[in-house]
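Just so we're on the same page: letters track the sequence lines, and every chain starts at 1.
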There are 2 protein chains.
Amino acid sequence: MTKSAGGAKASQKAPGNQPKTARGEATRKAILSAAERVIGAKGYNDASIGHITSEAGVAQGTFYIYFTTKEQVFSELVLEMGRLVRHTIAEATQGIEDRLEAEKAGLTAFLEFVCAHPDLYRIVQEALFVDPQAYQEYYQTFAAGYRAGLEAAQEAGQISKGDAETRAWALMGIGRTLGEQLVVFKSDKPISEIVASGYDLIANGIKP
Amino acid sequence: MTKSAGGAKASQKAPGNQPKTARGEATRKAILSAAERVIGAKGYNDASIGHITSEAGVAQGTFYIYFTTKEQVFSELVLEMGRLVRHTIAEATQGIEDRLEAEKAGLTAFLEFVCAHPDLYRIVQEALFVDPQAYQEYYQTFAAGYRAGLEAAQEAGQISKGDAETRAWALMGIGRTLGEQLVVFKSDKPISEIVASGYDLIANGIKP
DNA sequence: ATGAAACATGAACCAGTATTCATGTATAAT
DNA sequence: ATTATACATGAATACTGGTTCATGTTTCAT
């Protein structure tokens, strides 16, 4: 490992060396995708550059044509995960007027997404240690959007009044943990059932 | 790093070498406590045995008198965290008849706990990669207890009917993410306010 | 007191691995 | 064809850090 003198890690915009050809583009993608699988499976530290490149079917040195550092691929993956999740949920809730319905659709979309991308899901968790800044960005961006949506829904009288900030985090937490139950703890419960129970909690709480 | 051939990691009962003297007891505790601080601050991989022992004020070799491996201290910390959290919450909800009140008290106790032990909190997250089994045990034990409590409350008619399993996970998720907001994202919001909003969500949901 | 067991030390060992580099090969423009 | 540029290679480098070990020192039972 290199220094990393306690201070700020990577993240931000770290272009690495962008490819300038279709061939390069393909290789870069292959490495990125291999990194997702290998890091997702073994974790950041046990995933060596050698593992990643061999999984990608390229030589070890090729890695450094497109990425400046091991940490950088990782950051890129976290960033990608963030974009993908937000995009997926936005897509799924597109055009749904009622916030409660949107909440249900969003939860469903999220759970389906994490089932389809279990590796990315685990990677985000590890970011807390490998690239704290990316981790923060991931959750804060998500929370900000969530909060805005809740506030709008409050104005429209679609949901009750309440602290949108805290609610946003709490609701994120619900999705996150239910997703984890699926992917990490390998629950066999069908998504529709989980969503039904989760939605009921979100909408009505547990008061009798 | 040593092999760890993909298979099951440490966890379970890994006594290491238990000390047989008051002196040894003290040293072992010192190392464990130093490990908590150092690993919590730097993460598992950046926390070297050298860092830990020097923080504990002992020589590097001393570490291996009480622990067989770096992974083992880590597991021990996760286990300890589990016991502490469960104990703290049980204590705080002791004797509270109404489940909704207990829910509020439990959430408060949990948030106060994570504020007091931010290192342990981060350590659990990293366990997903360093010691998956300890991670699973942590959450599954917690969830099992939570679920039992919810089921009992349902029988007693203190809360509405619903899938206790999923509810348990969802409610854990709320606490977890709100705790993270405090410790990781350093929110300055007072715990009482967070609890108030969180509790309202848990009890009543967001339906208008 | 005294020997055995427990505890402590820190230098050395050693394996793993991120990164670099000198040397090729494919590709596109001229 | 020819050449400049992008891409690819894999062996060599350089360094980190977990673990071991031979050698003390303290503690305790007798």
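Atoms CD1 (I31(A)) and C1' (dT9(D)) sit 12 Å apart, rounded to a whole Å. Atoms CZ (F63(B)) and P (dG10(C)) sit 17 Å apart, rounded to a whole Å. Atom CG of N17(A) is separated from atom P of dA8(D) by 13 Å (rounded to the nearest Å). Atom P of nucleotide dG17(D) and atom CG of N45(A) are separated by 11 Å, given to the nearest angstrom. One interatomic measurement links the two molecules: CD of Q18(B) to C1' of dA6(C), which rounds to 14 Å at whole-angstrom precision. Here the P atom of nucleotide dT16(D) and the CD atom of Q60(B) are 14 Å apart, to the nearest Å. Rounding to whole angstrom units, OH of residue Y64(A) and P of dT13(D) are separated by 17 Å. If you measure from atom NZ of K70(A) to atom P of dT16(D), you get 16 Å, rounded to the nearest angstrom.
At the heavy-atom level, G24(A) lies under 4.0 Å from the strands shown only through sugar-phosphate atoms. Backbone-only engagement by A47(B) is indicated by non-hydrogen atom pairs under 4.0 Å involving sugar-phosphate atoms exclusively.
Residues E25(B) and G61(B) both approach DNA chain C. Their nearest nucleotides, taken by heavy-atom distance, put E25(B) toward the 5′ side. Where P19(A) and I49(B) each meet DNA chain D at their nearest nucleotide, the meeting point lying more 5' is that of P19(A).
The side chain of K20(B) sits closest to dC7(C) out of dC7(C), dG10(C), dT19(C). Side chain of T62(A), nearest nucleotide from dT9(D), dA18(C), dG10(C): dT9(D). Closest contact between the side chain of R23(A) and the listed nucleotides dT27(C), dT9(D), dA8(C) involves dT27(C). Nearest to the side-chain atoms of T27(B) among the listed nucleotides dT9(C), dA8(C), dA8(D) stands dA8(C).
Note on E180(A) versus R176(A): no salt bridge recorded, every NZ/NE/NH1/NH2 to OD/OE distance being 4.0 Å or above.
No side-chain donor-acceptor contact under 3.5 Å links T27(B) and R23(B).
For T21(A) and dT27(C), the shortest distance from a side-chain N or O to OP1 or OP2 is not below 4.0 Å.
In this structure the side chain of F63(A) never reaches within 4.5 angstrom of the side chain of V58(A), judged on heavy atoms.
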Query raised in the report: For L120(A) and E36(A), what are the C-alpha separation, side-chain angles and deciding distance, and is it a side-chain contact (heavy atoms from CB on, under 4.5 Å)?
Result: CA-CA 7 Å; L120(A) 280 184; E36(A) 175 182 332; 3.7 Å; yes

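Of the candidates Y138(A), F142(A), W169(A), F185(B) forms a ring-ring contact (aromatic ring centres under 6.0 Å, His included) with just one, namely W169(A).
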